[in-house]
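What you see is a predicted model, and the numbers here were worked out from it, not measured in a lab. Excluded from the calculations below are hydrogen atoms, water molecules and symmetry mates; all remaining heavy atoms, backbone and side chain alike, are included.
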Amino acid sequence: GTLTDALRNALGDRYRLHEQRRKIEELGEKVYDSVTYYEIRVIALLAMSEERGFLSRGEVEARMKNIKERRAASDA
């Protein structure tokens, strides 16, 4: 829930619940049934943010790579 809340807060007044719901529906039943409650909301928020031009998939992937690298280094 923390990541979902952080993403919604980062969007501020640009966050629209109806857009998030639409994105969840667009993801389809197969995706919806394969992830947790919060994961589907994060996926939808990221898709919505990408669609509206707030960030790109490349930016998200680069950031996730950086986070994984830092986590691996701290576990070593």
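For residues 64-76, the pairs satisfying side-chain hydrogen bond (donor to acceptor under 3.5 Å, both in side chains) are R63-N66, N66-R70, with sequence neighbours left out. Within the structure, every pair that satisfies the salt bridge (Lys or Arg N to Asp or Glu O under 4.0 Å) test and touches residues 7-18, not counting sequence neighbours, is listed here: D5-R8. Under the salt bridge (Lys or Arg N to Asp or Glu O under 4.0 Å) criterion, the residue pairs touching residues 35-52 are E19-R52, R22-E51, K23-E51, E50-R57, with sequence neighbours excluded.
When the shell of 6.0 Å around OH of Y38 is examined, it contains 12 or fewer heavy atoms from other residues, nucleotides or ligands.
The cluster map of Ile, Leu, Val, Met, Phe, Trp and Tyr, joined by side-chain heavy atoms under 4.5 Å apart, puts L17 and F54 in the same cluster. Under the 4.5 Å side-chain heavy-atom criterion for grouping Ile, Leu, Val, Met, Phe, Trp and Tyr, Y37 is not connected to M48 through any hydrophobic cluster. Residues V60 and V42 share a hydrophobic cluster, clusters being chains of Ile/Leu/Val/Met/Phe/Trp/Tyr side chains in contact below 4.5 Å.
Of all non-hydrogen atoms in S49 and L11, the two that sit nearest each other are OG-CD2, 3.6 Å.
In this structure, CD on Q20 lies 3.5 Å from OH on Y15, to the nearest 0.5 angstrom. The OG atom of S34 sits 9.5 Å away from atom CG of L27, with the distance rounded to the nearest 0.5 Å. To the nearest 0.5 Å, atoms CG (L45) and CD1 (I24) are separated by 7.5 Å.
A donor atom on one side chain and an acceptor atom on the other are not found under 3.5 Å apart for Y32 and E25.
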